[in-house]
2 protein chains.
Amino acid sequence: MPLERYVTDGAPRFLEELFAFLRIPSISTLPERADDVRRAAAFVAEACERAGLRAVVHETAGHPIVVGRSEHVPGAPTVMLYGHYDVQPAEVADGWDGDPFEPRQVGDVIVARGANDDKGQVYAHIKGLETVRAVDGALPLNVIVLVEGEEEVGSVHLVPFIEEHRDALACDVIIVSDGTMAEPGRPSIAYGIRGSCGVTIEVRGARADLHSGNFGGAVPNAVQGLAQLVAGMKGADGRVRVEGFYDAVIVDEEERRRIARTPFSEPDFLELAGVTAVAGEVGFSTLERMWTRPTLELNGLVGGYGGVGSKTIIPATAVAKITCRLVPDQEPDDIVAKLRRHVERHAPAGLDVRVRSEGGSRPAVMDTRGAGLQVAARVASEVWGRPTLLVRGGGSIGIIAEFQRVLGVDPVLLGFGDKDDGIHGPNEKFGVTNYLNGIRTSARLVRALADMA
Amino acid sequence: MPLERYVTDGAPRFLEELFAFLRIPSISTLPERADDVRRAAAFVAEACERAGLRAVVHETAGHPIVVGRSEHVPGAPTVMLYGHYDVQPAEVADGWDGDPFEPRQVGDVIVARGANDDKGQVYAHIKGLETVRAVDGALPLNVIVLVEGEEEVGSVHLVPFIEEHRDALACDVIIVSDGTMAEPGRPSIAYGIRGSCGVTIEVRGARADLHSGNFGGAVPNAVQGLAQLVAGMKGADGRVRVEGFYDAVIVDEEERRRIARTPFSEPDFLELAGVTAVAGEVGFSTLERMWTRPTLELNGLVGGYGGVGSKTIIPATAVAKITCRLVPDQEPDDIVAKLRRHVERHAPAGLDVRVRSEGGSRPAVMDTRGAGLQVAARVASEVWGRPTLLVRGGGSIGIIAEFQRVLGVDPVLLGFGDKDDGIHGPNEKFGVTNYLNGIRTSARLVRALADMA
């Protein structure tokens, strides 16, 4: 039986099994869902076993990590498939049309929390392995399935885990399917993602809010001071004015030319973002701004009164939340230190200003000439019938740089989802076609990677 | 019986009567308290009648205005005593040590909502009139007691009322006791107050908050844009950078010299304000900044996330609340128009920015050589045993400029309260001595003003 027939015939069952996975509300951030998270780990382990792997559920100080392994094929390469079984919170009240954990098929899409991010993509790989094994009788190479339960809460226990199991996790290729395609029906591989870091700035002026008449004009205003401080962090040219912010940033002229050739529709982008104009750093295109340039984003500024009418106070306190997206070779700790120094230098007189680090993750760029990436691009093109697009991403997946650092492998970011799937939002969806093509891609990839060496 | 004996003997009863007034929760801003507000109006009217005045409760579209009048004394001057019977909201949960509407005497102070602001001061005047009538047999001049029930909600119906009753309210002197003394035991008359105006600035960028990774660097950020906009409204020199803001401001060199001679302790001020340093416009002293210089105060800026940890969004909306304190000859409408123009000129690209006026009031400065002010200063000095201080105030009492405009009289702002009485806050208080000296001052003032002409 050919591979294609197996996937087509198996589709109803593949959907049914995924639905069972989606019914488990494995929300990693909610302590009261810890048992559900554990159930989801067990579900993944069982699915691996049924696909012919030996699966182990590794306990951590947080949620478990599932590792599935195929029977050893001597001399064959090893591919790791990474994903996560935990999901973001979801409640009907957030705007869902139905129970987020009662998956349903609406036309050509599956609607449920985790349908895209990341259960649908993880399960596509497991079904891909099952397919190869059923059609070919055995897997032609070594497979490690690594599925964690803390991706939505920072993957805190995964980094020490891969450090500790560095030898057992040694591999030639890492495939990460936890993302989207650049445009519908157009397979894409992201060869770069940005890192991140964040700070909270807290400002205090007076002991308590003061009357703006009795004291106005003579005492410092915490919100005004904080607004001035954060306004000074960016110039009118969209450049970050924190000293040394761009020091480590690499500008690759060859890449700039490649990005200039990447298809991009500004009207489509404006529509997707829901804005009337693009903005950003002068001298760079919109794709460059999102993919290759670091950012300093004010995620929030809250201080004083924001309600109806007037409240004639001089606010005593204010807080600002800032996160940066980082690009190679910026280091999160270094950028936080530079932000801290900037705040110390520019803190308005009479205000007590404190900076707290909110953690971060390293940026990563992968070699586009890597064999795994090249094979994945070719296979995806065949399945989808269109040339695979090489892109970068603006977001951050902290584990990618850690895979590079600890395992010495450039992960291949091969997302099966669509941009408008609404991950983290209400009515998250995943195309049935995306799911089945994911299975096809995974199965063919396993075959093709076996021939790679 | 001399006046002093009457007040001393009457003190227990004066306190008891004030307590009955304070028991009425006449909170003008709460619709469910409308009946209590009406009861307070009736209480004032009755108190006026018992002091020998004829009192009328005038209905308005809001809360009633009480006008009490003495029997006409031909050829004698007319003094108007203005105050208000409505109070700010108060609940035990705000931090009161007991029921805010069950007044109690604690040592030398009366604790209750309205004790200082303004029931205690209004009632001191009514008891002052009673005292003169009891001791002298009749009032020596014409008295108008004007007590409104909407001071805490903007005196909206009082302005049309005085316009409509312009002739009936014609007078030679207006005494306003709705304030505090510059220092404890030191009688003070404020000969100037600031006006005010306010705007709300609303900013919208994208349709909804965006992911700071997927879009960061390429789209406008509403909070960042608003922070830049408001930061640009003030220079490092503390001067407002809204074009034309200072155009109408009068600088009076003689007054600057007078203010320089006014006692002022910076350590005491820092302690009172609860700040570590003063701030403000270069070239002006702290008293000048509060009394004679206009301000632009950011009362609040709220947008995006301000909670624990990070939220990696590009906020779609933000709101800023700004109020200005105005000095002669700034006009609230003109300053709002200038703010509007500034925002239009400096609105960051790609953001929808709206400005809404929140109303305002005119500033006022009174002639310090006015006969009424001079007499009041002399009488207060005699009662308190210390020379009366001439000061200005930083706050706003909208009706003052309207009294000037409509009735052509410079009000005398003779406050009986202490600075630390905590008006509008929990455990509002009013000294028993302040109350009784208020009665003495009022009684002696009525006598002295009769001789003025």
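Computed over heavy atoms, backbone and side chain alike; hydrogens, waters and symmetry mates excluded. In what follows, every chain begins at residue 1, and chains take the letters A, B, ... in the order their sequences are listed.
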Considering all heavy atoms of both residues, which atom of [X] and which atom of [Y] are nearest to each other, and what is their separation?
X: B/Ala273; Y: A/Ala206; value: O-CB, 3.5 Å
X: A/Ala279; Y: B/Pro220; value: CB-N, 3.7 Å
X: B/Glu358; Y: A/Gly309; value: OE1-CA, 3.5 Å
X: A/Leu301; Y: B/Ala227; value: CD1-CB, 4.3 Å
X: A/Glu297; Y: B/Ile313; value: CG-O, 4.1 Å
X: B/Lys321; Y: A/Gly306; value: CE-C, 4.0 Å

Looking at chain B, which one of [options] has the largest number of heavy-atom pairs inside 4.5 Å, strictly under?
options: A/Lys234, A/Glu281, A/His211; answer: A/Lys234
options: A/Thr200, A/Thr323, A/Asn221; answer: A/Asn221
options: A/Val319, A/Leu272, A/Leu229; answer: A/Leu272
options: A/Gly359, A/Gly350, A/Gly303; answer: A/Gly303
options: A/Asn214, A/Asp209, A/Thr286, A/Thr276; answer: A/Asn214
options: A/Leu296, A/Leu210, A/Asp352; answer: A/Leu210

Does A/Arg354 CZ have over 12 foreign heavy atoms under 6.0 Å away?
->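 Not buried by this count: 12 neighbours or fewer within 6.0 Å.
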A/Arg241, CZ: over 12 other non-hydrogen atoms inside 6.0 angstrom |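 Incorrect, the count does not exceed 12.
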A/Arg293 versus chain B, the contacting section by heavy-atom distance below 4.5 Å =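 No part of A/Arg293 comes within 4.5 Å of chain B.
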A/Thr312 portion near chain B, given a 4.5 angstrom heavy-atom threshold =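 Both backbone and side chain.
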Which portion of [X] sits near chain A, non-hydrogen atoms under 4.5 angstrom:
X: B/Gln224; answer: both
X: B/Glu271; answer: both
X: B/Val240; answer: neither

Residue among [options] with most heavy-atom pairs under 4.5 Å to chain A:
options: B/Val278, B/Leu351, B/Ile314; answer: B/Ile314
options: B/Gly307, B/Ala218, B/Ala231; answer: B/Ala218
options: B/Gly304, B/Ser196, B/Gly300; answer: B/Gly300
options: B/Leu270, B/Leu298, B/Thr295; answer: B/Leu298
options: B/Ala320, B/Ala222, B/Gly274; answer: B/Gly274
options: B/Ser310, B/Gly198, B/Gly216; answer: B/Gly216

Would you call B/Val275 and A/Phe215 a side-chain contact if the rule is heavy atoms closer than 4.5 Å?
->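 B/Val275 does not reach A/Phe215 side chain to side chain.
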Heavy-atom side-chain contact between B/Ser212 and A/Asn299 under 4.5 Å =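 Contact flag for B/Ser212/A/Asn299 side chains = yes.
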Start with the C-alpha distance between B/Val302 and A/Tyr305, add both sets of side-chain angles, then the distance that settles side-chain contact (heavy atoms from CB on, under 4.5 Å), and finish with yes or no.
-> CA-CA 7 Å; B/Val302 176; A/Tyr305 184 70; over 6 Å; no
